[in-house]
Asks: 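This is the structure I want to talk about, given as structure tokens.
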Amino acid sequence: MANFKSTPLFGGALIADLPANFADVSNIRQVPDNQEVYIDKDGFTSIIFDITERVGGPGSSPEIDGQALTTHLEDLVGDDVDRVKVWNTTPTQFSRLEDDIPAYTLIATSAPHDQRSESSNAAATTDFTAIILTLVRLERERTDLLITINVPHIRGEYDEEDVDLQLGRQGKLIGDAVDYAAKIWETFKVKDWTLFNEV
């Protein structure tokens, strides 16, 4: 089980418990103002908090919010949308947000481009990337908050026998990422709502 630490986000306007072994990418490189990016110091998994403009029509329903989730996923993967498979989508409850704030989480996988080339190193080949995408719909703030956990599965870095999403076997890397997401759902809190007026 991972150790977690309470982590201030966007200057402390938001807060959530993140794995203790994840590093703030902004200490290494420039990150857009509307994002917070953390990466596993001991692996390849990343956690991204992204404040975006709300998409879709007014109100909330499974149809409206489901379409918004699809739109954000398509924006996230760009031209790779044909290589993405969504395995499940579920409503999500955040412990420290009002019950009437809708949130949804999907688990998807994205297959890589064909990487076969003379210079490609077989040991560094990404078999697929798992994506755990949580969408929080903040209609009053005209904002969609995205929390994305990207989990690259690099050949030799995971047990291929343990992963078969069709049979419900997530393997250790995806299982860990689901635990990270669950901890975020439990601990995420907005401390300063004016953040959404500034970004």
Side-chain angles (χ1 to χ4, degrees), residues 1-2 4 16-19 22 37-40 43-52 54-57 59-113 126-139 143-155 157-188:
M1 185 72 184
F4 291 87
D17 286 7
L18 299 183
F22 274 55
V37 181
Y38 286 80
I39 191 158
D40 187 346
F44 304 97
T45 298
S46 63
I47 301 173
I48 303 168
F49 293 81
D50 198 356
I51 298 172
T52 67
R54 182 182 162 89
V55 299
S60 178
S61 72
E63 295 78 28
I64 291 170
D65 297 338
Q67 184 57 49
L69 191 58
T70 299
T71 299
H72 285 300
L73 178 63
E74 289 171 352
D75 286 349
L76 186 70
V77 299
D79 293 339
D80 293 337
V81 70
D82 296 345
R83 295 183 184 82
V84 173
K85 176 163 179 46
V86 175
W87 295 94
N88 70 18
T89 304
T90 56
T92 304
Q93 184 63 52
F94 278 72
S95 301
R96 299 170 80 186
L97 289 177
E98 298 296 322
D99 289 343
D100 64 346
I101 295 176
Y104 301 86
T105 299
L106 64 74
I107 296 178
T109 51
S110 176
H113 293 277
T126 302
D127 288 338
F128 68 95
T129 298
I131 301 164
I132 300 174
L133 174 61
T134 299
L135 166 64
V136 182
R137 312 247 31 221
L138 302 172
E139 183 172 14
T143 298
D144 283 339
L145 174 67
L146 304 174
I147 304 167
T148 309
I149 304 177
N150 294 303
V151 190
H153 282 66
I154 296 170
R155 193 163 300 149
E157 298 289 330
Y158 74 103
D159 188 343
E160 293 176 43
E161 300 292 313
D162 286 350
V163 181
D164 189 335
L165 292 174
Q166 216 151 0
L167 296 177
R169 292 200 314 258
Q170 296 179 329
K172 179 174 177 6
L173 295 176
I174 298 174
D176 286 350
V178 168
D179 289 345
Y180 304 158
K183 191 66 162 179
I184 291 168
W185 304 333
E186 177 189 321
T187 61
F188 177 86

Asks: Do you know the tightest heavy-atom contact between A130 and H153?
Replies: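 Here A130 and H153 meet closest at CB-CE1, 4.2 Å.
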
Asks: To the closest 0.5 Å, what do you measure between CD1 (I131) and OG1 (T148)?
Replies: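 Going from CD1 on I131 over to OG1 on T148, the span is 8.0 Å.
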
Asks: side-chain contact (heavy atoms from CB on, under 4.5 Å), that's the test. Do I107 and V178 meet it? Break it down for me.
Replies: CA-CA 9 Å; I107 296 178; V178 168; 4.2 Å; yes

Asks: Is a side-chain donor or acceptor of S110 paired with a backbone partner of T129 at a separation under 3.5 angstrom?
Replies: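 No, because the side chain of S110 does not come within donor-acceptor range (under 3.5 Å) of the backbone of T129.
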
Asks: About how many Å separate NE2 of H72 and CG of D50, when rounded to the nearest 0.5 Å?
Replies: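 The distance works out to 8.5 Å.
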
Asks: Taking side chain as C-beta onward, heavy atoms only, is L165 less than 4.5 Å from Q170?
Replies: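 Side-chain contact under 4.5 Å: yes.
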
Asks: Is the ring pair F94/F188 parallel, tilted or perpendicular, if the boundaries are 30 and 60 degrees?
Replies: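 Perpendicular, since the angle between the ring planes exceeds 60°.
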
Asks: How long is the gap from CD1 on I132 to CD1 on I174, to the nearest 0.5 Å?
Replies: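 Answer rounded to 0.5 Å: 7.0 Å.
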
Asks: Residues in side-chain hydrogen bond (donor to acceptor under 3.5 Å, both in side chains) with S61, at least two apart?
Replies: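 side-chain hydrogen bond (donor to acceptor under 3.5 Å, both in side chains) list for S61, sorted by chain: E63.
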
Asks: How far does CZ of F128 sit from OH of Y158, to the nearest 0.5 angstrom?
Replies: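 Rounded to the nearest 0.5 Å, the CZ-OH separation comes to 5.0 Å.
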
Asks: When you compare the side chain of V86 with that of T70, does any pair of heavy atoms fall below 4.5 Å?
Replies: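 A side-chain contact under 4.5 Å is absent here.
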
Asks: When rounded to the nearest 0.5 angstrom, what is the spacing between CG in L76 and CG in L133?
Replies: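 Between L76 CG and L133 CG, I get 6.5 Å after rounding to 0.5 Å.
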
Asks: List the residues meeting salt bridge (charged side-chain N to carboxylate O under 4.0 Å, His left out) with R54, not counting sequence neighbours, and say none if there are none.
Replies: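 For R54, no residue satisfies salt bridge (charged side-chain N to carboxylate O under 4.0 Å, His left out) once neighbours in sequence are set aside.
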
Asks: Using the test salt bridge (charged side-chain N to carboxylate O under 4.0 Å, His left out), find all partners of D40 that sit at least two apart in sequence or belong to another chain.
Replies: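 Not a single residue meets the salt bridge (charged side-chain N to carboxylate O under 4.0 Å, His left out) criterion with D40.
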
Asks: If you take all heavy atoms of D179 and F4, which pair is closest and at what distance?
Replies: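 Closest approach of D179 to F4, heavy atoms only: O-CZ, 4.3 Å.
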
Asks: What heavy-atom pair brings F22 and T45 nearest, and what distance separates the two atoms?
Replies: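 Scanning both residues, the minimum pair turns out to be CE2-O, 3.6 Å.
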
Asks: Ignoring hydrogens and geometry, is there a side-chain-to-backbone donor-acceptor pair from D144 to V55 under 3.5 Å?
Replies: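 At least one qualifying donor-acceptor pair exists.
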
Asks: Are any of the side-chain heavy atoms of Q93 and D99 separated by less than 4.5 Å?
Replies: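 In contact.
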
Asks: What's the separation between atom OH in Y38 and atom CD1 in I149, rounded to the nearest 0.5 Å?
Replies: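 Going from OH on Y38 over to CD1 on I149, the span is 14.0 Å.
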
Asks: Is it the case that the side chain of S60 and the backbone of P102 share a donor-acceptor pair, with hydrogens and angles ignored and the cut-off at 3.5 Å?
Replies: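 Such a contact is absent between S60 side chain and P102 backbone.
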
Asks: Yes or no on side chain to side chain donor-acceptor pair (under 3.5 Å) for T92 and T105, after CA distance, side-chain angles and deciding distance?
Replies: CA-CA 6 Å; T92 304; T105 299; 2.7 Å; yes

Asks: If a pair satisfies salt bridge (charged side-chain N to carboxylate O under 4.0 Å, His left out) and one of its residues is in residues 64-76, list it, with sequence neighbours excluded.
Replies: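 Found D65-R137.
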
Asks: Who pairs with E186 by side-chain contact (heavy atoms from CB on, under 4.5 Å), at least two apart in sequence or on another chain?
Replies: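 In terms of side-chain contact (heavy atoms from CB on, under 4.5 Å), with neighbours along the sequence ignored, E186 is linked to S95, K183.
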
Asks: Measure across R155 and D127 and return the closest heavy-atom pair with its distance rounded to 0.1 Å.
Replies: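 Where R155 meets D127 most closely, the heavy atoms are NH2-OD1, 2.5 Å.
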
Asks: Return the minimal non-hydrogen interatomic distance between P19 and I47, and the atom names on each side.
Replies: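 Shortest heavy-atom contact: CD-CD1, 3.8 Å.
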
Asks: Going through the distances and angles, do T89 and L69 end up as a side-chain contact (heavy atoms from CB on, under 4.5 Å)?
Replies: CA-CA 9 Å; T89 304; L69 191 58; 3.5 Å; yes

Asks: Please report the shortest heavy-atom distance between T187 and D17, naming the atom on each side.
Replies: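 Taking every non-hydrogen atom into account, OG1-N, 2.9 Å.
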
Asks: Would you please test F49 and L18 for side-chain contact (heavy atoms from CB on, under 4.5 Å) and show each step?
Replies: CA-CA 11 Å; F49 293 81; L18 299 183; 3.9 Å; yes

Asks: Going by salt bridge (charged side-chain N to carboxylate O under 4.0 Å, His left out), name the residues that satisfy it together with K85, two or more places apart in sequence or in a different chain.
Replies: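 Here no residue qualifies.
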
